[in-house]
Participant: 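Before we start, here is the structure in question, set down as structure tokens.
Protein chains get the first letters and strands the later ones, always in sequence-line order, with residue 1 at the start of each.
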There are 2 protein chains.
Amino acid sequence: MKIDPTSSVDLSAQIAKAIRDAIVSGALIVDERLPSEAELAEQFDVSRPTVREALKRLAAQSLIRTQRGASGGAFVNRLSFRDAYPQQITTSTLLLSMNAVSFETACEARYALERACAPLSAQRRTPDQLATMRAEVHRQGQPGLSDESFCDSDVAFHRALVDGAGNPVLSYQLAGAVEAMQPLMNMITFTARSRAEIIKLHTAIADALDARDAGAVEAALTELERYTQSLARDVMEKRAKKRG
Amino acid sequence: MKIDPTSSVDLSAQIAKAIRDAIVSGALIVDERLPSEAELAEQFDVSRPTVREALKRLAAQSLIRTQRGASGGAFVNRLSFRDAYPQQITTSTLLLSMNAVSFETACEARYALERACAPLSAQRRTPDQLATMRAEVHRQGQPGLSDESFCDSDVAFHRALVDGAGNPVLSYQLAGAVEAMQPLMNMITFTARSRAEIIKLHTAIADALDARDAGAVEAALTELERYTQSLARDVMEKRAKKRG
DNA sequence: CAAGCGAGAAATGTCTGACAATTGAAAATC
DNA sequence: GATTTTCAATTGTCAGACATTTCTCGCTTG
């Protein structure tokens, strides 16, 4: 763990990097206690506030947690999928909104990833997950449902589909893609007719999963992508007309 | 932006959350300058070090950048895919190593995601990307190549395959999955025979992409997954024997 | 007049020292 | 022996100061 005080980089950033590297390399193991702030300050030959800034950087990435009190301190955190979800979603959301990623591109990625889950989900989905999907489809058909609630239910439906693959790595990767799309999806106003079409395709997906027919799941997802893209194009055209 | 000084949560965490929410919601836009640390301290009624800790948390997530000097300050950062890559990879790596994700699970996720890219890549890959893949395959066949270099080349090959889909969202999602697998892949010692088999399959993938044959790409990827899994099983069995 | 130079101002980066709040453990008390 | 008290260690927060960087603006000089 070496620090270069003459570098143009913040000392706290250097210290954070040194500790992060130690965690990633396995030199610091899960639940191990770091030296106290005072000790770290002495080791790195900096002041305590500087050490604290470094620790806050690591805490922001969920790499450590801190506890106050006598036997307190900073501990290496076991990074769980559950902890990583919100960060992944926040990052993905900002990536889409700040980089002007087109609806088309985001949608394509999302459905490509979902199709990747289809064969596994067809094979492994639990009755529970299937029931969740059926329930969400039913909810989507209820009259008076707001566009936002409809989107929420849509996310829940697809989430169940992805979780059906029984692979936490896939679920984690897809959480970002699916949830980050929501602000984009919310731009679409769902008419009664388009809702009916989507529900029809959702039902087809659920039926295919029920029958463990991977090919049918993929086909329905492809069709759903095609339909979603066409809805988005309609919205864009209407906007262009309004502006023009 | 409200702060509760009586809450058990760190003030700096609350302040970071308030600013993060403002960024995500769009209240603060890209390249907008935040108030100076002194002003923020006054607004939130906390001291400057506390504000600084909050800003470091945001900097750790690449949400802001800071500049020293007269017209300096903290600015909302345009979160780019390039900035997000290393974080995604670090997080994915730790998720795999800290949660005892099996090689099997990680491998399955990786190839499922890659197969998702296959149709798009077959359709869109540039001659450049194809040339990269051919070059990496050639490198993999050179004698005296270390296991580590072989793995590096493997990553580069698959990276080109994924980038061939021409979808930055997919590339971003896959970067984590592919690169995070490397430490696991490095556990496998590649014999001359297994390298030859892998090169054969890589060649098949490149040929299929050359011919824009999506089905053949998927088939070769499936075969490569099957073979990689069998290699991993061999390693595991040998280890079990040594221990037993 | 233009170009360069320098002083100053504004902002972040860092340090010192102190106190508050929390918490576990040891010591004291019943 | 059980309970309460005290204490020490640690993080959380604050105040003030100085160092460093960088832009701006006015002044000097060719």
Participant: Identify whether the distance between the nearest side-chain nitrogen and carboxylate oxygen of R52(A) and D10(B) falls below 4.0 Å.
Facilitator: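 Between D10(B) and R52(A) there is no salt bridge, as every charged N stays at least 4.0 Å from the carboxylate O atoms.
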Participant: If you assign A38(B) and D45(A) each to the DNA chain C nucleotide with the nearest heavy atom, which residue ends up on the more 5' nucleotide?
Facilitator: A38(B)
Participant: Counting only side-chain nitrogens and oxygens, does T50(A) get under 4.0 Å of the OP1 or OP2 atom of dC15(C)?
Facilitator: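 Result: yes.
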Participant: Would you say the side-chain atoms of R48(A) pair up with the backbone N or O of L40(A), donor to acceptor, closer than 3.5 Å?
Facilitator: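 It does not hold such a pair.
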Participant: Do any side-chain nitrogens or oxygens of T66(B) fall under 4.0 Å of OP1 or OP2 in dG13(C)?
Facilitator: yes
Participant: Please determine whether a side-chain nitrogen of the Lys or Arg among K56(A) and E53(A) lies less than 4.0 Å from a carboxylate oxygen of the Asp or Glu.
Facilitator: no
Participant: Can a donor-acceptor pair under 3.5 Å be found between the side-chain atoms of R48(A) and the base atoms of dT13(D)?
Facilitator: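 Per atom types, the contact qualifies.
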Participant: Please give, in whole Å, the distance from dC14(D) P to I15(B) CD1?
Facilitator: 8 Å
Participant: Rounded to the nearest Å, what distance is computed from the CD1 atom of residue I64(A) to the P atom of nucleotide dT10(D)?
Facilitator: 16 Å
Participant: Less than 4.0 angstrom between a side-chain N/O of R52(B) and OP1 or OP2 of dT12(C), yes or no?
Facilitator: no
Participant: If you check the A70(A) side chain, which of dG12(D), dG13(C), dG24(C) turns out closest?
Facilitator: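 Nearest to the side-chain atoms of A70(A), counting from C-beta on, is dG24(C).
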Participant: L58(B) and side-chain contact (heavy atoms from CB on, under 4.5 Å): which single residue from N77(B), I64(B), I15(B) fits?
Facilitator: I64(B)
Participant: Could you check whether D31(B) pairs with R65(B) (Lys NZ or Arg NE/NH1/NH2 to Asp/Glu carboxylate O, under 4.0 Å)?
Facilitator: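 Yes.
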Participant: Could you tell me whether the side chain of R68(A) has a donor or acceptor atom within less than 3.5 Å of a complementary atom in the base of dT10(D)?
Facilitator: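 In this structure, the two groups form no donor-acceptor pair.
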Participant: Looking at dG24(C), I'd like to know if its phosphate oxygens (OP1 or OP2) sit under 4.0 Å from a side-chain N or O belonging to S71(A).
Facilitator: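 So the side-chain polar atoms of S71(A) never come under 4.0 Å of the phosphate oxygens OP1 or OP2 of dG24(C).
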Participant: Measure CD/E42(A) against C1'/dT16(C) and give the value in whole Å, please.
Facilitator: 15 Å
Participant: Counting heavy atoms from C-beta on, name the nucleotide in dT13(D), dG13(C), dC15(C) closest to the side chain of E37(B).
Facilitator: dG13(C)
Participant: Looking at the side chain of S47(A), which of dC23(D), dT12(C), dT14(C) is the nearest nucleotide?
Facilitator: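 Looking only at heavy atoms from C-beta outward on S47(A), the closest nucleotide is dT14(C).
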Participant: Using a cut-off of strictly less than 4.0 Å, decide whether R33(A) has a side-chain nitrogen or oxygen near OP1 or OP2 of dT10(D).
Facilitator: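 Checking R33(A) against dT10(D): at least one side-chain N or O falls below 4.0 Å of OP1 or OP2.
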Participant: dT22(C) P sits how many Å from L11(B) CG, rounded?
Facilitator: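 Checked: the CG to P distance equals 12 Å.
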